[in-house]
Amino acid sequence: MRMDDLLKELGALRISGNFGDQNSWRPCINLIQKSFVPQKTVGETRPCEEKDFREYRLVVERNLNNVRFMLQHILNSCRESHLSLNNDSMAIAKTFSMNLLLLIGEHSEKSIWNTAECVNISKELIANFCELWACQSVSTFFSEHENFNKLLLLLRPKLLKDTWKTYPAAVTCYRWMLHEVEKPMLFNHIMEVLPTTLILVDDHVPENVLIGLQCVHLIIQHSHMKKGLIDSGCAQVIYHALKHLTYQKEVKYIIPLYTCLANLLPTIEYWDDKSDAFEWTARDEILSNLIDNMAFEQNIELRHAYMSSLPQLLTNIGCGKWCEALARILVEYCEHHTDLRTLKATLETAKAFLLMFHLRVAAHCVSLYTAFLKLHFDLTETPVFDREIMQNLEDCICLLYDRSRNVGRAVLNDDRIRPIFSSAMPLGCRGDITYFE
């Protein structure tokens, strides 16, 4: 934009003057605050919809463009006057910047209250913001002078238990902030960030729960193996909030839910002095719920989500107590495979099972052989175009053979089975075939 046009726009907004003077910042702050996504009280009774923001969407691009013009003018003025914002006398500039970050966060992604152009403008505002504060990124700004905590405090009134549903853009801003900070800042501010996350996780709207789980995952990553997570009681609070969700059957958040649990449990187990992998543990509670859900589930999407979530929880020898139940689940899912996605996840889980519990596999080899070989026959009769599925199945048969050779030799001696091994299996698996020849 030409400088004359820029000044004309700013004049219409009554923004001008020397930004070393605090009064020059007040119209700028007012402009930003008037551009915030408005509160919608209808959110108390139902999730907000695009129609609720019809009036705001008519003016949002113009408002954001005005903010962009204003920020460019501030940058130019600060350059010309060599004005530094990093001193106590410029506290009002910090207030301006905090409000600007809230606006950027509200439009950090495409939502029901904005347009794709708004997101593009938001990205431009970030670049100009970083230039204004001479920082490499928003993450750098958050790490200095308690800026992250100050911004949380500014946002908090919109994220209270009785207000957050009327400010959906504040939730988007909150999630954006959590994504922007560098590790381990969320752990350092866990008492400030956790309450809003738990409110989201405890909601009945699946989309809100999913946002909450995304935030929980970030917090857990920042807190990985931190003893303070245990000592503060936050680990148990998070665990119980997540465990409660394992009783729900909502496919939208099953995989993120178990990903959170799989990342949280190692920290709980590491710092539990009384922990014994062979006794009943928190991991067993989660596996118990998951396996029960899997055993009786017929919905295709849920079966896939459950099976995809299982392998990441099978990480220590203490899970061996679940071998019988796991073998039963694997057999059932192989015998009643309803779609290729779930079948692929089942065979990947089976490989993890055979590798992890190789000393216990022999006790379940008959049922597993039956399921794997029948599946191999079915897939040969009805060719599958996904080569990875056949490869995983053949890997499973070879692993099973390797872990139960006595039964494997008996299987190989069956004329109906030997062609499978002689033509399809890797050399390591069919090495003993000559024993029968």
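Not measured: the values here are computed from a predicted model.
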Write down the atom of [X], the atom of [Y], and the distance for their closest heavy-atom approach.
X	Y	value
Val331	Ser367	CG2-O, 3.7 Å
Met98	Asn147	CE-O, 3.4 Å
Phe148	Met177	CE1-CE, 3.8 Å
Ile74	Cys28	CD1-SG, 4.0 Å
His204	Pro206	O-CD, 3.4 Å
Asn316	Phe357	O-CE2, 4.0 Å

Considering only heavy atoms from C-beta outward, does the side chain of [X] approach that of [Y] to under 4.5 Å?
X	Y	value
Cys78	Leu132	yes
Glu55	Val59	no
Leu326	Leu310	yes
Leu265	Tyr239	yes
Thr246	Ile254	no
Arg283	Cys319	yes
Thr342	His337	no
Tyr253	Gln248	yes

Between [X] and [Y], is there a side-chain N and carboxylate O pair less than 4.0 Å apart?
X	Y	result
Glu324	Arg360	no
Glu301	Arg341	yes
Lys374	Glu335	no
Arg303	Asp339	no
Lys252	Glu250	no
Asp52	Lys40	no
Glu394	Arg387	yes

Examine distances only and state if a side-chain atom of [X] and a backbone atom of [Y] form a donor-acceptor pair shorter than 3.5 Å.
X	Y	value
Ser232	Cys234	yes
Lys321	Gly318	yes
Thr45	Val42	yes
Thr163	Pro157	yes
Trp322	Leu287	no
Glu144	Phe141	no
Asn65	Glu61	yes
Ser77	His73	yes
Asn293	Leu290	no
His244	His240	no

In terms of side-chain heavy atoms, does [X] have a donor or acceptor partner in [Y] at a distance below 3.5 Å?
X	Y	answer
Thr140	Ser137	yes
Glu44	Thr166	no
Asn76	Arg79	yes
Lys249	Asn299	no
Tyr174	Thr197	yes
Glu106	Tyr167	no
Arg175	Ser108	no
Asn263	Gln221	no

- Query: Which one of Thr172, Asn114, Asn120 satisfies the side chain to side chain donor-acceptor pair (under 3.5 Å) criterion with His107?
  - Reply: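 Single pass found, and it is Asn114.
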- Say you draw a straight line from CG of Leu154 to CG of Asn149; how long is it, rounded to the nearest 0.5 Å? 11.5 Å
- Name the orientation class of the two ring planes belonging to Trp133 and Phe129 (parallel below 30°, tilted from 30 to 60°, perpendicular beyond 60°). tilted
- Given Ile126, which of Leu100, Leu101, Ile121, Ile104 fulfils the side chain to side chain contact (heavy atoms under 4.5 Å, CB included) condition?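 For Ile126, the side chain to side chain contact (heavy atoms under 4.5 Å, CB included) check succeeds only for Ile104.
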So does [X] have more than 12 non-hydrogen atoms from other groups sitting under 6.0 Å from [atom1]?
X	atom1	result
Lys110	NZ	yes
Arg54	CZ	no
His179	NE2	yes
Lys123	NZ	no

- Do Asp292 and Ser288 pass the side chain to side chain contact (heavy atoms under 4.5 Å, CB included) test, and can you show the C-alpha distance, the side-chain angles, and the key distance before you say yes or no? CA-CA 6 Å; Asp292 284 347; Ser288 176; 4.0 Å; yes
Expected list for residues 184-192: side-chain donor-acceptor pairs under 3.5 angstrom, two or more places apart:
none

- Not counting sequence neighbours, which residues clear ring-ring contact (aromatic ring centres under 6.0 Å, His included) with Trp164? List them please.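 None.
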